[in-house]
Protein chains: 2
Amino acid sequence: MDTTIPKYLLVEDHIRQQIKQRKIIDKLPGERQLAAELGYSYMTIRKAIENLVDEGLLYKVPTKGTYVADRKTQKTKTGTIGYFLDSRIAGGLSSPYYSQIFDALQKATAREGYSLIYFTDTNESDLQRTLKKLDGVISTCFPRVEGFIQELKAVVPVVVIDNSAADKTIPSVILDNFSAQVESVDYLCSLGHERIGFITGLEDSDVGKNRYEGYKSGLQKNGIAVEPELVFRGNYTFGSGVSGVDYFLSLEQRPSAIMCANDSMALGAISKLHQLGLEVPEDISIIGFDDINVASQITPPLTTIFVPINEIAACAFNMLQCLIDGKPLENRHIALAAHLVPRGTSAEVAAELVTA
Amino acid sequence: MDTTIPKYLLVEDHIRQQIKQRKIIDKLPGERQLAAELGYSYMTIRKAIENLVDEGLLYKVPTKGTYVADRKTQKTKTGTIGYFLDSRIAGGLSSPYYSQIFDALQKATAREGYSLIYFTDTNESDLQRTLKKLDGVISTCFPRVEGFIQELKAVVPVVVIDNSAADKTIPSVILDNFSAQVESVDYLCSLGHERIGFITGLEDSDVGKNRYEGYKSGLQKNGIAVEPELVFRGNYTFGSGVSGVDYFLSLEQRPSAIMCANDSMALGAISKLHQLGLEVPEDISIIGFDDINVASQITPPLTTIFVPINEIAACAFNMLQCLIDGKPLENRHIALAAHLVPRGTSAEVAAELVTA
DNA sequence: TAATAATTATGCTATATAGCACTTTAAACG
DNA sequence: CGTTTAAAGTGCTATATAGCATAATTATTA
């Protein structure tokens, strides 16, 4: 008999082992029963259980009994949620789109008295330390972080945005990228454009694929053949916008308009055109995607697709709150609409291009 | 005798009142003494005290006694710090400068296993709830939030950035705005500019004042008289850059160069000049301040002052960590240097303006 | 006066006991 | 068989008591 370890700690450890060995699955024996079985006083049992309740391993329902806490539904709420973004995203949180997403999420969470922590993929011990602070996570989803998201889901409720997760049990809020790109093509065709270049985003995700598919579908809808030479593979960076223009201008017949799968690439394309002495939109029209803050501030103001960032944030947070509170979700997957905002980088196709 | 309120809760409230009324300053009477004084059993006293200890109001030193917890020194660390920014800042966290600051702070804190929560001025109960989650706060300081910062300081360690706090016991990391502006003037003078306009920031803070003072000092240093008509009062927004250009172009003799107290105003100025058919830098040179990400991406790339944002973030966080750990600070106030980055919006003054 | 021993103070552990209010189950009654 | 009553089960509150180990204070002794 080890007299240096208090008995209540022995009881705590005994209960921990019973749970770990699945001898206690959900409901503990009553306190008086435990006292009889283990041969300790009732008050000692109560003290041990009280500590495990404080620790979050157990919870009590008065008059009913004591239960093993399910981490995701019974944990004491921290009042803090996390926003996860892959650390390989260029510019991270200082990139225009993601800083707007984060700002919108922060506002949505603050309205409900929640705090928001931003985190990226990190080592395991830092991750676990961070997750202990969180009631749930909203994550921008890309295929390359699916494993990571599963890891998050094992610990806390998760909602994904931008792309749906492969695991369809994870709720998602995404954008209808396809229809938005069709709308851009429609608009350019209404301006008389027939050679429309496209700088893709990354096609390793639905966002990238759907923006490209929307471009192609829009062309077909307007009776324009899809020409592979009018497609440049981009990666969402300013630099690939620059490279895209280099490529298009090397064609025998350059496009009269260029759609870019995001605004940063559109900025790069415009920069390069200006550098080469070409006018936007007089010589070539440019359309972006995202409507980042700067889009309306450059000269000329960028024609782009408006993304309802505040709505995405609010929607995702509402879904996460339902998960945290154990309430049912009405819809597990929501796709919000985006729409074209015509500004100064798009105009009717120049006359000499029509006749060419 | 109210039989619906448990006695241990009555004891908890009694102790709370004693502390609030300063009848207990530091050390509580012994548990047995309290039991005798209040007429409850020793075990009831212990239970009440145990709860207050769990709550963080008290702490116990075995064999010595029970003490009132000093919030700043005895609290269990949460591993989370806050970044506070006045909610009236235009664009909030999605504005280029602050999103870069936040990103840099997040990286600096993550390196030490800390999490970062962004918060703005908010109602009292949300503030207290948020502060409970924090080990300390880094705050962008403006005169109008001095009171708020004092409130923060009463609860957690605080470090300020951008402007020093009036309360000089609060450590600060600021930028040498004065010398940076002198450098801009020097540079413009080396390009032959003699009429240099200045769009100020807000002069309700040292940042705004020092950028203006640096402009004036730079002029005097280069033997140029300071002309009040060449100064336009701005407010750091794109719109006031636009208005500044309107004002300068209304002068009989417009300036050949315009310095702006931040990049957003520079973007506005450029936009307006382009709108009016003027060329940058051919007709008017423009210099910004901050070197936000977009500065190098617009056409032409913006000449601006590079601000060592990563260094500010790391420095501020290191100071805060010392405060949290109770370590002495080497320097309480640090001013970091900024430097001019010449790009495409500045050039030699045009010939017709020199002769005019 | 200094050193040593005894006493006191302190929070901690542990047991025993006797209810209370509420919920669920079983037994009794019509 | 349905309804009512009683019993059992459950966590909760409250008190009393008797130590334990450690530190500080007081008393005693050399």
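Just so it is clear, the model here is predicted, and its values are computed rather than measured. Labels below follow one simple rule: chain letters A, B, ... track the order of the sequence lines, proteins then strands, and each chain is numbered from 1.
- Across all non-hydrogen atoms, the minimal contact from H333(B) to S172(B) is ND1-OG, 2.7 Å.
- Scanning residues 12-24 of chain B for heavy-atom distances under 4.0 Å to DNA chain C yields an empty list.
- Contact of the I334(B) side chain with the P171(B) side chain is not registered, since no non-hydrogen atoms from C-beta on lie closer than 4.5 Å.
- Contact of the T140(B) side chain with the D86(B) side chain is not registered, since no non-hydrogen atoms from C-beta on lie closer than 4.5 Å.
- Partner of T109(A) under the side chain to side chain contact (heavy atoms under 4.5 Å, CB included) criterion, out of L320(A), T80(A), I81(A): I81(A) alone.
- Side-chain contact check for T78(A) versus K133(B): every heavy-atom pair is 4.5 Å or farther apart.
- When the options Y118(A), F102(A), F119(A), Y98(A) are evaluated for a ring-ring contact (aromatic ring centres under 6.0 Å, His included) with F84(A), the one that passes is F119(A).
- By the neighbour-count criterion of 12 heavy atoms within 6.0 Å, atom NZ of K168(A) is densely surrounded, having more than that number from other residues, nucleotides or ligands.
- Shown here is K64(A), whose NZ atom has no more than 12 heavy atoms of other residues, nucleotides or ligands within 6.0 Å.
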Is there any protein nitrogen or oxygen under 3.5 Å from a nitrogen or oxygen in nucleotides 13-15 of chain C, and what are the pairs?
from    : atom 1 : to     : atom 2 : distance (Å)
dT13(C) : OP1    : Y8(A)  : OH     : 2.3
dA14(C) : OP1    : K7(A)  : N      : 2.3
dA14(C) : OP2    : K7(A)  : N      : 3.0
dA14(C) : OP2    : Y8(A)  : N      : 3.1
dT15(C) : OP1    : K7(A)  : NZ     : 3.2
dT15(C) : OP2    : S41(A) : N      : 3.3
dT15(C) : OP2    : S41(A) : OG     : 3.0
dT15(C) : OP2    : T44(A) : OG1    : 2.2

Worksheet item: So F317(B) and L116(B), side chain to side chain contact (heavy atoms under 4.5 Å, CB included) or not? Walk me through it.
Response: CA-CA 11 Å; F317(B) 177 61; L116(B) 181 67; over 6 Å; no
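- The side-chain heavy atoms of L58(A) and I19(A), taken from C-beta on, include a pair separated by under 4.5 Å.
- Inter-residue side-chain proximity for E50(A) and K60(A) is flagged as met; some heavy-atom pair is nearer than 4.5 Å.
- Between T66(A) and the phosphate of dG11(D), there is a side-chain N or O to OP1/OP2 separation shorter than 4.0 Å.
- Contact check for V68(B) versus L28(B): side-chain heavy atoms found under the 4.5 Å cut-off.
- The two residues G82(A) and L134(A) make their nearest non-hydrogen contact at N-CD2, 3.7 Å.
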Check: protein-nucleotides 7-9 of chain D nitrogen or oxygen pairs below 3.5 Å:
none

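- Sorted by first and then second residue, the pairs that involve residues 37-49 of chain B and meet salt bridge (charged side-chain N to carboxylate O under 4.0 Å, His left out), not counting sequence neighbours, are E31(B)-R46(B).
- The side chain of K64(A) contributes an N or O atom lying less than 4.0 Å from OP1 or OP2 of dT24(C).
- Overall bending of the helix from dT1(C)-dA30(D) to dG30(C)-dC1(D), expressed as the angle between end axes built from five pairs apiece, is 30° (10° steps).
- With hydrogens and angles ignored, the 3.5 Å screen pairs a side-chain donor or acceptor of N163(A) with a backbone N or O of D206(A).
- Using a 4.0 Å cut-off on heavy atoms, the residues of residues 28-37 of chain A that approach DNA chain D are G30(A), E31(A), R32(A), listed by number.
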